[in-house]
Every structure is written in structure tokens, then in C-alpha cells.
Amino acid sequence: MLELDAGIPDGDIRDKWRNHLEHVKLVGPRNRPKYDIVVVGTGLAGAAAAASLAAQGYRVHVMCFQDSSRRAHSIAAQGGINAPKNYRNDGDGVYRLFYDTQKGGDFRSREANVWRLAEVATGIIDQCTAQGVPFAREYGGQLANRSFGGVLVERTFYCRGQTGQQLLLGGYQALHQQVAAGNAVMYPRTEVQDIVNIDGRCRGVVYRCLQTGEIRSLAADAVVLASGGYGNVFFHSTNAFNSNATAAWRAHKRGAGFANPCYVQIHPTCIPVSGHFQCKLTLMSESLRNDGRVWVPRNPGDTRPPHQIPEGDRYYYLEERYPSFGNLVPRDVAARNAKYVCDDGLGVDGKQQVYLDFTDAIEQRGHQVIAERYGNLFDMYEEITTDSPFKTPMRIFPAVHYCMGGLWVDYNLMTNIPGLYAIGESNFSDHGANRLGASSLMQCLADGYFILPQTINDSLHDIYQDKVGTDHPAFAQHEKQAREHIDWLMARTGSRTPMAIHKELGEVMWDKCGMARTADGLKEALVRIDELKDAYEHDMVVPGRADTTNQALERAGRLGDFLELGHLMCRDALERDESCGCHFREEHQTEDGEVVRNDDEFGNVGVWEWKDDGPHEKTTEDLTFDALPLMTRSYK
Amino acid sequence: MRMILHIWRQSGPEDKGGFQRHELDGVEEDMSFLEMLDTLNERIIAAGDDPVTFDSDCREGICGACSCVINGRPHGPGHKSTTCQVRMRAFKDGDEIWIEPFRSGAFPIVKDLMVDRTAFDRIIEAGGYISAHSGPKPEPNASLVPHPVAEEAMDAAECIGCGACVASCPNGAAMLFTGAKVSHLGLLPQGQPERWKRARTMVAQMDAEGFGACTNYAECQDACPKGISIRFIGRMNRDFMKASLCEPDTRQGQLKAH
Ligand SMILES: Cc1cc2nc3c(=O)[nH]c(=O)nc-3n(C[C@H](O)[C@H](O)[C@H](O)COP(=O)(O)OP(=O)(O)OC[C@H]3O[C@@H](n4cnc5c(N)ncnc54)[C@H](O)[C@@H]3O)c2cc1C
Ligand code: SF4
Ligand code: FES
């Protein structure tokens, strides 16, 4: 059984973080250069943490598998980042953001963490502006805002449709300033293979240089995983092509608890799959739902072009079913409703797709305003589909987008392995069973700039005296295992490519563990995944050599972890015998298809422990709902 | 469609390399260029051979990883698009396509179509930042940035660091990349204190990395997937000139002629 102590500070929720900061242990500036910290990942979370820790004076080693830290998956975030600045004077504040996030997450997040997130969020905008992030400005020169789903205020800050890019470049520049100053060292084209625990503390990593194939180790006083989410289990997702779960999963196999793996967000507005060759789906930002209206033909089989379908024959299903939030309902609700109408045979052209229509917005606000707001998204859409959203409605359908589940962490963002931390999308804590738009960037930067750099000292303050080096036999032993694993992969001489097996895994996951799940379906998926694991072991082919760049080998290694993780996701979904947020079990729904939670039995976090010699074991962390009592979500 | 592909294969930085010919059937118009290469690779792997190595990640034109020269043009036939955004509908059945890596002395070839662009990171390290390490910061609306200035800064900030500007330049210059960063930061009020030093040190690093000089071919602007304008090169040159002719680091932080 895992021993989980979240270490939530006592006191009123409003005071917890402040009180905690007054009591965390510190490391003096003269001692910090004696500590080595490994940061795995250079997305928003990793870049921000690495830059902040290096600027404090720690010796920071930063790894990413891309050729440059600037290319981490965070770069692709489009829509924006939340902060309760209340610039609009529309009643926003810390409590509101807390409330929206708790409710949006369907009461499956840890409330103390969510409150802290809401509290530090405004500082992120200040920090990023100071770094030169060119947030959109109004004509008077003040920062501009837009709105996102699931909330009734305008609190989203943005840089055209490239908010993630600009925020990441801010973090990247800050990180590379530290590289120049000698406080941080970059390890690009590097993939962490394993973590090394010695006497109950994480003491470093084993990694592979993707260019030369060498396996090496790095000893450290703390390891921070900022390795992103695992949405690519589904093969088709909006995540970057190479995003993977390997770092988190291998840490899990060394003892770190994995929390709520079944919580996966399916984003309602993506470009539908168009062909068997496709390997990656393109998101159309949620911000589009500010001005776009979602509809399908009211009558099945209506194949008239959209502009010939009169108002009366159009079914604006979100507006009709949710009059107060309309097109801006949270993502899980919007995605599920798209599925329902398509299941009812109302999908556009009989396919799995619905319209997102800008005609009214263009009429009301004018072509120019819409072009300024969404121009690059419209261009992107047109370039992929050859249709211009200025002339004809977009066709969209939900796709896998974000993982709320991840490594279990305590209030200090430390996993249950002392010295091993998880931040950003790789941890589980803040978004419960459904994340609201524009709040991942917020969480990644909150973790990286403001939370981890203060909490990490707590576990570091007294350990540099007993430094462990890579000469410790544990490193040699872990390296040997990593080499053996690579050799095993290279010895696969079957007939199926890693990508082909991965695709099949994705199909199983999407069908059985996607937008709607049933006990029978999940049981079937578990069997299918075992079969795929068998194919992976006995019928996969890995070409080429291990001592040079070998992308097929990289894929094969990641696939092994996806197979194991996919299996656990299905088990978690099976055992969470309720519906909540994105986790929709068909057995638990109201008459009109809304989720039905079971708070008595499942008002908790499900945390899984890896067993070398048997199936996973589950422990739970009970959640509290003091600051915001449980209620049934309603967006009607 | 059926394509005839001539793909640059090179086992490592030291290898001489050369074109390898492949014929690929069943190419669909909606495929992206990289999905076409994926399809080819799947066949190569199934046959037990070494697939073509190339960089890509986001596959939607924002990370800057993809980097192929297609029929002599960095990022291929599209206008303002990256390699990953090129669709096969840009080609006809039976077309021959020549695929090469981004070539430049400062971008050594890693393998096949993959190059090493860490020189760009080092240019950023030389000054492509505003020093503001994390902690409490002033209220952003305390310093107003007029809409057009913010938009101009954003135009420059859109650079994805792909290196097409270098690959397209007969001199292998990195002026567009560097000019974009110098301009983005130099336009904003927060970027003023380090503005002159930044222009000097980034340009110096660019030279040290072995990038060539700019002789106004303007090929870079044409090849740039983000449409970064060469006016940012002009802006950088002006900042650089001022910074070298003057002694910007007076106690008042102002420019002072020698
Ligand atoms: C298309 C798209 C649009 C989005 N838009 C928004 C938005 O508008 N607002 C919002 O709030 N959120 C948005 N999100 C979500 C958000 O972008 C992500 O959740 C967030 O960027 C994750 O950041 P991260 O720092 O946790 O990890 P990532 O950015 O995924 O970075 C992971 C890093 O870890 C490294 N890494 C991983 N494994 C290893 C390993 N084994 N060894 C070494 N390095 C490793 C990678 O190289 C990379 O540097 C969007 C997501 C997508 C897909
Ligand atoms: S300036 Fe354009 S071509 Fe050059 S690196 Fe930036 S985006 Fe690429
Ligand atoms: S793969 Fe990211 S820009 Fe092409």
C-alpha cells in the first residue's frame, strides 16, 4: 500500500499557502550551488521551473527530447491563459476562479491546491509581461481579455492564437539566460529512461542521448519531472507527435503513485479525422466558441449545403440545452453533446462532425474584427481542409487533448518518492475530472515560476552533505537495465511496425475508454490491450541500429509504456464506478445524459501502485469540500 | 497518386551522403507532406530497412522542428507554411520530388534530413531575453503599450526558430531570426534597459557561429513560414549601429556619442 500524505497545511483555505511559505525550510544562497537538480522537460512547467531554480543559484540540468528546448509541446497552445485580474470589472476574483475550477473539475480536485493556483495566477501575467511576452493590448494600451468555456467572466489573456508559443518563449529565454550564466546546462535530444532511487530518495536519472544512443546517468539532489501529458496513448490526439509518457511511467514503475489515469479530456473543437494515414489531430481553439455557433441539421439525412438549411431546420443543440452558458459550456459537456447528436444520426453528411458557424458573428462584428481575432486559426483550418470559415461553417469533432490524471503529488508537488517532483500536465492535482480552457498554461507556470521554486527547498535543505554520485552501484545497475531494454527492443524482428501497433491501441482506447465508457467495454479493452502487448513482444519489428539516431526505436520504447498505461487507464475507468467530468460511465447518467457522481464512494483520488510481480494496487486519497460544498454541476 | 522521391540520406555528420530514390504509391491529396514520409517509412520499416530520419513534433506549423528543403525551396511550395503544413495536393501524380535537409555551415547534418540548430539557442543566450527572474512584478497596466506597438512586437515575436531563413540565404545569414528577436524585445518598454547591449551581443554571437552576412537578397523573407519582415533586419542594424557608435551604458542608461 502506498503511504500518501498530501501535507495540506492547516488553517483557513485563504491562509494555507501564506502560512506554508512562512514555514518551509530554506537553503541559503551560498549553499544553493552545491545542489544539483535535474529538470526533465522544457515545456512551460519545466522551462519556468528550471529558469527560476537556476536564477536562485542551484545547479540545474535540463533535459528534453527535442533539438531545442523552445520546441516543447507547450508551444502549440493557442487560446490563452487565465488570471482573475478583474480588468473587465465583471466580478472576477480569486474565489471565482477557485469556484469555476472546482466546479469545472466536477469536484475531483484537491481544493487546497486549486485555491493556491487561483491565488498565484495574477502574478503570472505580471511575470510574463515583465519578460516581454507581447500580450494583446487594447487601443489604450491596457491588456486585453477574452472569454473561455465554463465561466461567466472574461479573464483570459492571449497573444493572438499563439499564447503558448509566446509564454514558452518567455520561459525559454529566461532559461537560456541562465545557461549563458552557467547556472543551467541543457541536454537537448535526450530521453530520460529511468529514475534512480537510493535509500528511499530519488537521486538521479538514467538517460539516452538520442543522437548517439549512449546510455548515461546523472546524479542529483532532486529530480523534477515536467514531462507533459499522456494523451498520445490514444494515438490520435492534439498532442505533439512525439509527446509521450515514458518519463512519468518509468518513475511510476520505480514507486511513484499514478493518480486518476482515466481522467482524459476530449476537446470538443478539433478538425475531424480525414484519413487512415493521419497521425495527429489539429485543435481549433476553444476561443472560437466565443463567436462561433455550434449546430447540426435538425433532420437526419439533410445533406443540403449549410447556407441552404433554414434556421428552423438547424439544431443549435448547445444553445437549446444550456441556455445560460450556450456555446460556452465546459469542454466535457460540449464534447459529449457532439457525440450524442452524431450518435442520433445528425452528424453533418452522416459523418462524425458538427458545424461551428461564424456567419452571425461576421455579420454582427464585421469581417475585420473576426479576422483579427481568429485569422490564423481560420487560415490553419483552410489550409488543412481547403474550406474558408469566412464562407462556410467549420466542421469539427472532439479529439483527445489533455490528461488531468498524472503522477500523484503532495502540496509541495513532490511525489511519494522523496526528492522526485512532478509539475505541469505530468501531475494530477488541480483539474479534477475536467480542465477548463486556458487553465493548463496557468497551472504549468504557477507550478514552475511560483510554487516549486519555493517548496523544493523543503526537501533539499539538509541533504547536500550526503551527496551521492554516479559511482554508486545503483547507477550502474539501472544503466545496465536500460541497455538491456534497448537491446531487447533492437532484437524485435517480427512483421508489425511500432506505429501500426500504436494505432491499434489508439482505436481500442478511443472506442472503449474515450468519451463514453461501459463496464463491458472496458473489460473488453483490457483483453484487447493484452493481445496488443503480446504483438508488441512477439511480432514487432525495430529496424536500424541503436548507436545512432533511430526514431523507430524511440517510438517502440514509448509504445511499451503506452500499452501498460492504457491498460491501467481502463482499469481505473472500470473501478471508478461513477460518472464525473470527462469520465462518463454510461451506467451512471441522468435521463438527459448528464453525469451522475457518487461522492460517497468516489469523492477521492484513485492512486495506483505498480507491482513488479502482479497487477496494480489502488490506494485512495479522500478529498475535502470545505471551501466549496459539493453540488451538482449545472450549466443550464 | 504515385510520387518519385529523391531523398537525401546521410548516416551521420561525417558521411558524405547522397540521394536515394523511392517510388511511393497510394499518396492521397489530403495527406500532409510528413504523413507522406511516414507512409514511406512504414514501408521501409516493414521491409526491415532504416527509415528516413527527419525532425517534426507539433505538425501544425508552430514548433519549428520540421525542416526539409523540397524541390530546392526551404519548407517547400507553400506560401507562409512550414514543411509539416505542406499538403500533397500541391503535387501531381507522377511528380518527382527532391527532399534535402536545411543546409548551412552553422547547421551540421545529424542524420538524413535532420540538422543541428543549437546555434540559434546560443544566439538567444547571447542576449535574446529580458532579465526578469521570477518573483513579484509590477502591475502590467502600469506601463501602457500602445496597440500598434504591441502588434508590431508580436509580428516579430512570431518567429518559430526553424532556420528556413538561413537555409534560403545565399550567404547563410541568420539576420532575420536575430533581427526578429532584437526587434520583439527592443520594441517593448520592458526591453529598453538591455536594448543596446542586446543588439551588440546577439550580432556578435551570430558572427561567431559562422552565419554569413546580409547582402539584401531578401530570400529569407520569402521562405519564412511566419512572414517575418526584413524591416526587422533594418531595425536591428540601426540598433546595432547606434550601439556600436555610441556608448550606451552611461549612468543615465542613455545613448551618448563617443
Ligand atoms: C493544441 C493544444 C492547444 C492548447 N491550448 C491551450 C490553451 O490555450 N490554454 C491552456 O491553458 N492550455 C492549452 N493546452 C494545454 C497545454 O498546452 C499543455 O497542457 C501544457 O502546455 C503542458 O505543458 P508541460 O510543461 O506540462 O509539458 P509539455 O509542454 O508537454 O513539455 C514536455 C517536455 O518534457 C520533455 N520530455 C518528455 N518526456 C521526456 C523524457 N523521457 N526525457 C526527456 N524529456 C522529456 C519534452 O521534451 C518537453 O520538453 C493546449 C494543448 C494543445 C495540445
Ligand atoms: S525568421 Fe522565419 S524563417 Fe527564420 S527562423 Fe524565424 S520563422 Fe524560421
Ligand atoms: S512539426 Fe512543428 S512546425 Fe512543423
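Just so it is clear, the model here is predicted, and its values are computed rather than measured. Note on naming: letters A, B, ... go to the chains in the order of the sequence lines (proteins, then strands), and numbering restarts at 1 for each one.
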Relative to each other, are the rings of A:F235 and A:H502 parallel, tilted or perpendicular (30° and 60° limits)?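 Because their plane-to-plane angle is over 60°, the rings of A:F235 and A:H502 count as perpendicular.
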
Among B:D55, B:L34, B:T39, single out the residue with the greatest number of heavy-atom pairs under 4.5 Å to chain A. B:D55

Atom group of [X] that falls short of 4.5 Å from chain A, counting heavy atoms:
X	answer
B:E60	both
B:L185	side chain
B:V86	neither
B:S56	both
B:R122	neither
B:E35	side chain

Would you verify whether the NZ or CZ of A:R71 falls within 45 degrees of the ring axis of A:F65 while also being under 6.0 Å from that six-membered ring's centre? no

Do A:R555 and A:F241 meet the cation-pi criteria used here (NZ or CZ under 6.0 Å from the six-membered ring centre, within 45° of the axis)?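 Verdict for A:F241: a cation-pi partner in A:R555.
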
Which region of [X], side chain (C-beta onward) or backbone (N, CA, C, O), has a non-hydrogen atom less than 4.5 Å from a non-hydrogen atom of chain B, or is it both or neither?
X	answer
A:I124	neither
A:Q66	side chain
A:Q78	side chain
A:F450	side chain
A:I125	both

B:H133, NE2 atom: more than 12 neighbouring heavy atoms under 6.0 Å: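 No, because the 6.0 Å sphere around NE2 of B:H133 holds 12 heavy atoms or fewer from other groups.
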
Side chain B:T53, main chain B:K111, donor-acceptor under 3.5 Å: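 Looks like no, no N/O pair under 3.5 Å.
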
Tell me if the centroids of the rings in B:F107 and B:F120 come within less than 6.0 Å of each other.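 Close enough - the centres of the two rings lie under 6.0 Å apart.
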
Short side-chain donor-acceptor distance under 3.5 Å, B:D112 and B:Q10: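 No, no side-chain donor-acceptor contact under 3.5 Å.
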
